[in-house]
Amino acid sequence: MKDEKKQTILIVDDSRTNIMALADLLKDVWAIKIATNGKDALRIAFSEDQPDLILLDVMMPDMDGYEVCKRLKAAPETKHIPIVFVTAMNQAKDEEYGLSLGAIDYITKPISPPIVKARVNNHLELKRYRDLLKENSMVDGLTGVANRRRFDEAIELEWRRALRYEHSLSLLMVDIDYFKRYNDTYGHLEGDECLRKVAITLKQTLKRPLDMLARWGGEEFACLLPDTDAESAFKVAEQLRKAIVGLQLPHESSPISEYVTVSIGVATVLPNAEMHREDLFKQSDEALYKAKENGRNQIFMG
Ligand code: GH3
Ligand code: MG
């Protein structure tokens, strides 16, 4: 369970003495990461393993804490991470400025250890609660895989990454063949069970951590493959198709197989500034239509 995982605090300060004082105070309860300059702080905050809270010094050489805060709040990937300034700048106008940049709290040095610990605890409890709510609102209730909202978020992020690093991005649309007949033959509850098994199998068949499977709606699933060219996307699609056939879920009213099968439309793009995300959906949707038209239980490359 995610909520048993220790939350992580990133301490950013150019003085090792200050870092050690805070780390000693907090390390029994939370996992600690440290950065001694703004650049390292940004790198850690933007990494896959993001901190749950950042304690941020203001005065640092090169890039000060205000600038770090501005950059974190400006980026969709990091703007949700709560930031607490811990600083010797104790004027009301400094605090006002820090909070105006989006920091959740402002603590002045010299610190009172129990107060810092209590405040950190409050912020992290709220953070845990927000994470949980968010997680629940991002999961499809029937199948337990990501829902469309979660998928939209992922594609937004991956689209920008693909633009920035000039990576190709592939999208697979996976649709169960003759699923209406499946429901008609076995009943809606069995249909639900079938959807669950298909979803879990598709998800387990994807190997790379950034690949994402979501329930797109009804009996259709979308699968996003970051940094994946057309040839590799085809291979993944073929693995998914085979995995579903391999489940050997009986489908006696299917005209094409004794088992449940899926058709998959594949689209691959190298995003550029003129292109829109909708193009990728349109392309994979049309490919799926072709896969159906060509006889189902197969892949079509758009
Ligand atoms: P095709 O091979 O062309 O995809 O045919 P199909 O029958 O799979 O497609 P169609 O769009 O005609 O029918 C989809 C069916 O999926 C109809 C709908 O009742 C069923 N369905 C959609 N969502 C659910 C669900 O959550 N549970 C169940 N049991 N069935 C669902
Ligand atoms: Mg279908």
Side-chain angles (χ1 to χ4, degrees), residues 1-138 157 209:
M1 277 284 290
K2 193 174 176 195
D3 56 11
E4 281 163 12
K5 196 183 153 216
K6 255 193 188 182
Q7 289 170 293
T8 303
I9 301 169
L10 170 62
I11 304 173
V12 189
D13 200 307
D14 58 323
S15 145
R16 293 228 170 235
T17 317
N18 289 345
I19 289 182
M20 289 328 289
L22 283 169
D24 276 345
L25 176 66
L26 305 169
K27 69 174 192 293
D28 290 341
V29 187
W30 300 285
I32 306 290
K33 286 185 178 173
I34 60 173
T36 52
N37 58 67
K39 222 174 129 200
D40 283 351
L42 290 174
R43 184 178 47 73
I44 294 171
F46 277 93
S47 71
E48 285 303 318
D49 197 14
Q50 293 192 319
D52 295 288
L53 182 75
I54 300 177
L55 299 181
L56 186 55
D57 183 24
V58 173
M59 283 180 289
M60 294 184 289
D62 299 328
M63 189 190 297
D64 70 16
Y66 291 145
E67 182 59 28
V68 173
C69 182
K70 274 188 212 162
R71 294 199 190 184
L72 292 174
K73 291 299 160 188
E77 298 96 311
T78 51
K79 69 172 187 220
H80 64 280
I81 306 174
I83 296 174
V84 176
F85 281 114
V86 182
T87 171
M89 297 177 58
N90 57 7
Q91 301 293 306
K93 67 170 183 2
D94 300 325
E95 179 166 356
E96 193 184 317
Y97 184 61
L99 294 174
S100 80
L101 296 178
I104 200 162
D105 204 352
Y106 194 97
I107 297 175
T108 51
K109 295 178 198 166
I111 60 161
S112 149
I115 292 181
V116 168
K117 201 165 180 180
R119 284 195 181 171
V120 163
N121 188 50
N122 286 343
H123 292 310
L124 282 173
E125 266 187 22
L126 284 172
K127 169 72 163 48
R128 186 191 293 290
Y129 187 63
R130 276 198 305 274
D131 286 350
L132 213 69
L133 274 182
K134 182 157 188 217
E135 207 172 288
N136 289 341
S137 72
M138 295 285 179
L157 190 79

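FYI, side chains are in, hydrogens and waters are out, and symmetry mates aren't considered; it's all heavy atoms of this structure.
- Salt bridge annotation for D52-R130: absent, with no cationic side-chain nitrogen under 4.0 angstrom from a carboxylate oxygen.
- Here the straight-line distance linking atom CG of L53 with atom CG of L126 works out to 11.0 Å at 0.5 Å rounding.
- Between the CE atom in M59 and the CG atom in D64 there is a gap of 9.5 Å [rounded to 0.5 Å].
- A distance of 12.5 Å separates CD1 of I111 from OG1 of T87, quoted to the nearest 0.5 Å.
- In this structure, C69 and L56 have side chains that are in contact, with non-hydrogen atoms separated by less than 4.5 Å.
- Taken from CE in M63 to NZ in K70, the straight-line distance is 11.0 Å, to the nearest 0.5 Å.
- Crowding of L133 atom CG: a count of heavy atoms from other residues, nucleotides or ligands under 6.0 Å exceeding 12.
- Annotation: the span from L42 atom CG to S47 atom OG amounts to 11.5 Å, rounded to 0.5 Å.
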Step by step, would you call L26 with D28 a side chain to side chain contact (heavy atoms under 4.5 Å, CB included)?
CA-CA 6 Å; L26 305 169; D28 290 341; over 6 Å; no
Begin from the C-alpha positions of I104 and I83 and carry the test side chain to side chain contact (heavy atoms under 4.5 Å, CB included) through to its verdict.
CA-CA 6 Å; I104 200 162; I83 296 174; 6.0 Å; no
Show your working on side chain to side chain contact (heavy atoms under 4.5 Å, CB included) between K109 and D13 and close with a plain yes or no.
CA-CA 12 Å; K109 295 178 198 166; D13 200 307; 3.1 Å; yes
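- Put simply, CD1 on I81 and NZ on K73 are 7.5 Å apart, with the number rounded to the nearest 0.5 Å.
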Side-chain atoms of residues 29-39: list all donor-acceptor pairs with protein atoms under 3.5 Å, sequence neighbours left out, distances to 0.1 Å.
from: K33; atom 1: NZ; to: D49; atom 2: O; distance (Å): 3.1
from: N37; atom 1: OD1; to: K39; atom 2: N; distance (Å): 3.2
from: N37; atom 1: OD1; to: D40; atom 2: N; distance (Å): 2.8
from: N37; atom 1: ND2; to: D40; atom 2: OD2; distance (Å): 3.4

Take V58 and D94 through the side chain to side chain contact (heavy atoms under 4.5 Å, CB included) test and state the conclusion after the steps.
CA-CA 10 Å; V58 173; D94 300 325; over 6 Å; no
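- Within the 3.5 Å criterion, the main-chain N or O of L124 finds a donor-acceptor partner in the side chain of Q7.
- The environment of CZ in F46 is crowded: more than 12 heavy-atom neighbours from other residues, nucleotides or ligands sit within 6.0 Å.
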